[in-house]
Trainee: 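Attaching a single structure in structure tokens format; questions to follow.
On a predicted model such as this, the values are computed, not experimentally measured, just so you know.
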Amino acid sequence: MKKTVVSAILIGIFVLYCFLHAQAAPVAIVPTATPTSRSSSSSTPTPTLTATPGTTPTPGATSPSGSTYKNGTYTGNVADAQWGVVQIQVVIQNGKITSVQFLQYPNERNRSVQINSYADPILINEAIQAQSTKVDIVSGATDTSNAFIQSLSNALSQAQA
Amino acid sequence: MKRLQLLMGMPITVEILDANATEADIERVFAYFRSIDETFSNYKEESEISKINRGELAEEASSDAVKTILALGEQTRQETQGYFDIEHDGLIDPSGIVKGWAIFQAAQLLKEAGFVNFYIDAGGDIQVAGTNNGHPWRIGIRNPFNRTENVKVLAITDKGVATSGTAIRGQHVYNPHQPEKPIQDIVSLTVIGPDVYEADRFATAAFAMGKRGIYFLEQLAGFEGYMIDYSARATYTSGFERFVLSDDKIS
């Protein structure tokens, strides 16, 4: 009786393994399918996938001829995707991609921060300096009424929520 | 012809360079600002806004001008991630949007009357049209630490320029959740936009965002910004320099 149960479990595990292996195979045929769908509407760059293999590959046996990938786990470089950064890890087995993982990807929570870090290098910073040129009109702040301050503070409190 | 009046709690200057301008033309502009004040002021008991806030007038029953402002306020709130809001504690304070809108409408009045070269300056928010005797209008950005100085000179044609800030009366915008921690990182934010209405509303909203405001402007097509922080350093958008008149460019 025990032997039958153990056998059944072993067979079950083997069937499960075959099933999972079959599932993994289609991913290998269309390497970019997984990241493209995962990134949805954001401007996630696909170049990361084809980018230089990462710093810590764990090479296995060299893949057979005709295959373009070497076995191992590869971590892509951090790529700027405008709304954030993307970093991808791929696992190659038998010369085929068996797993694609996002180590980092943009999300709504950190979006504003990412806008900052992206825009930072573009903007110019300087010490203000008095100008001698004669002007026709002067622009300066006057909107300091209590109502203005209250309205702004209220908007700020909502933006914090 | 150049005239100045104190209206809506601020100095309003109108200058028309076209030779056929008369006192009556400028008076029409000031009359328009007075009518705007009568309709929208929170300080006038009989204004429509005061009546709405006391519950005596339904928004649906208000004038077209009020309906327009309420709609523009809501549109701006949506376009600025909620940083611009004319309503608080159930009360409406449309002053943040009325000013720029009124200057823009007043400029339209002059254009429809056939004037080409003029400006309207209401408390430092400016709409310019045409040129000043062939050269672009020169607009100084006031030093928030010293009212007698300008820290930048802009060459502007047919655009709006508006500045939001805390400098003049030393007041600070604060975060109600952390009232003990005033938002002190920026003191002045000047925006160049397609017209003064656009420049004013986005200057107000971007200022409320604090240091992040200049990045918000950077993402906004058709707008440039110049932000001055408490350490007297300025950060400006990538296209801002096109409008800057440096001392050595002056003949």
Side-chain angles (χ1 to χ4, degrees), chain A residues 41-45 79-86 105-161, chain B residues 9-10 42 81-86 88-89 93 95-96 119 121 123-126 132 137-144 147 149-153 161-169 171 173-177 188 190 204 208 212 214-215 218-219 228 232-238 245 247 250:
Chain A
S41 61
S42 80
S43 54
T44 305
D80 195 336
Q82 184 160 1
W83 303 116
V85 295
V86 172
Y105 60 97
N107 61 48
E108 281 303 311
R109 260 182 94 85
N110 63 15
R111 186 170 151 145
S112 62
V113 176
Q114 299 298 351
I115 289 171
N116 281 8
S117 62
Y118 176 74
D120 243 337
I122 300 173
L123 302 189
I124 304 99
N125 194 280
E126 66 180 14
I128 61 171
Q129 201 177 357
Q131 303 290 304
S132 57
T133 307
K134 194 176 171 295
V135 301
D136 305 311
I137 324 158
V138 174
S139 184
T142 50
D143 264 329
T144 50
S145 66
N146 287 334
F148 173 73
I149 300 297
Q150 279 176 16
S151 180
L152 269 186
S153 300
N154 173 258
L156 279 173
S157 70
Q158 291 185 23
Q160 293 264 328
Chain B
M10 61 189 167
N42 276 321
Q81 305 157 9
Y83 276 91
F84 191 107
D85 199 338
I86 63 172
H88 65 96
D89 298 337
D93 175 12
S95 56
Y119 74 81
D121 166 13
D125 294 342
I126 301 152
N132 179 2
W137 292 98
R138 288 177 189 168
I139 301 179
I141 296 179
R142 179 185 294 141
N143 184 347
R147 281 184 58 86
E149 280 180 5
N150 296 316
V151 294
K152 233 29 177 191
V153 179
V161 177
T163 300
S164 276
T166 58
I168 286 186
R169 292 175 214 167
Q171 290 168 330
V173 179
Y174 67 93
N175 178 346
H177 295 303
S188 170
T190 299
T204 303
R212 208 166 64 77
I214 195 72
Y215 298 103
E218 177 70 17
Q219 307 284 327
I228 302 171
R233 288 197 71 82
T235 307
Y236 52 95
T237 53
S238 52
L245 201 63
D247 282 351
I250 313 298

Trainee: Compare every heavy atom of B/Val161 with every heavy atom of A/Ser139, then report the nearest pair and how far apart it is.
Mentor: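 Closest pair (atom of A/Ser139, atom of B/Val161, distance): OG-CG1, 3.8 Å.
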
Trainee: What residues, two or more places apart in sequence or in another chain, satisfy side-chain hydrogen bond (donor to acceptor under 3.5 Å, both in side chains) together with A/Glu126?
Mentor: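 By the side-chain hydrogen bond (donor to acceptor under 3.5 Å, both in side chains) rule, A/Glu126 matches B/Lys152, B/Tyr226.
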
Trainee: Could you tell me which portion of B/Asn150 (side chain, backbone, both or neither) has an atom closer than 4.5 angstrom to a non-hydrogen atom of chain A?
Mentor: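 Contact with chain A: backbone and side chain both.
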
Trainee: Give me the one residue out of B/Val153, B/Ile139, B/Leu245 that meets side-chain contact (heavy atoms from CB on, under 4.5 Å) with A/Val135.
Mentor: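 Only one option passes, and that is B/Val153.
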
Trainee: Starting at CD of A/Gln131, measure out to CG of B/Asn143 and round the result to the nearest 0.5 Å.
Mentor: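 Going from CD on A/Gln131 over to CG on B/Asn143, the span is 10.5 Å.
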
Trainee: Return the option, out of B/Ile141, B/Ile126, B/Thr190, B/Asp121, with the maximum number of heavy-atom pairs under 4.5 Å with chain A.
Mentor: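 It is B/Ile126.
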
Trainee: Could you tell me which non-hydrogen atom of A/Ile124 sits nearest to which non-hydrogen atom of B/Ser238, and how far apart they are?
Mentor: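 The answer is CD1-CA, 4.2 Å.
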
Trainee: Under a 3.5 Å distance rule, please check whether A/Asp136 uses its side chain to pair with a backbone N or O of B/Arg138 as donor and acceptor.
Mentor: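 It does hold such a pair.
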
Trainee: When rounded to the nearest 0.5 angstrom, what is the spacing between CD1 in A/Ile128 and CD1 in B/Ile228?
Mentor: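 The CD1 atom of B/Ile228 is 5.0 Å from CD1 of A/Ile128, to the nearest 0.5 Å.
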
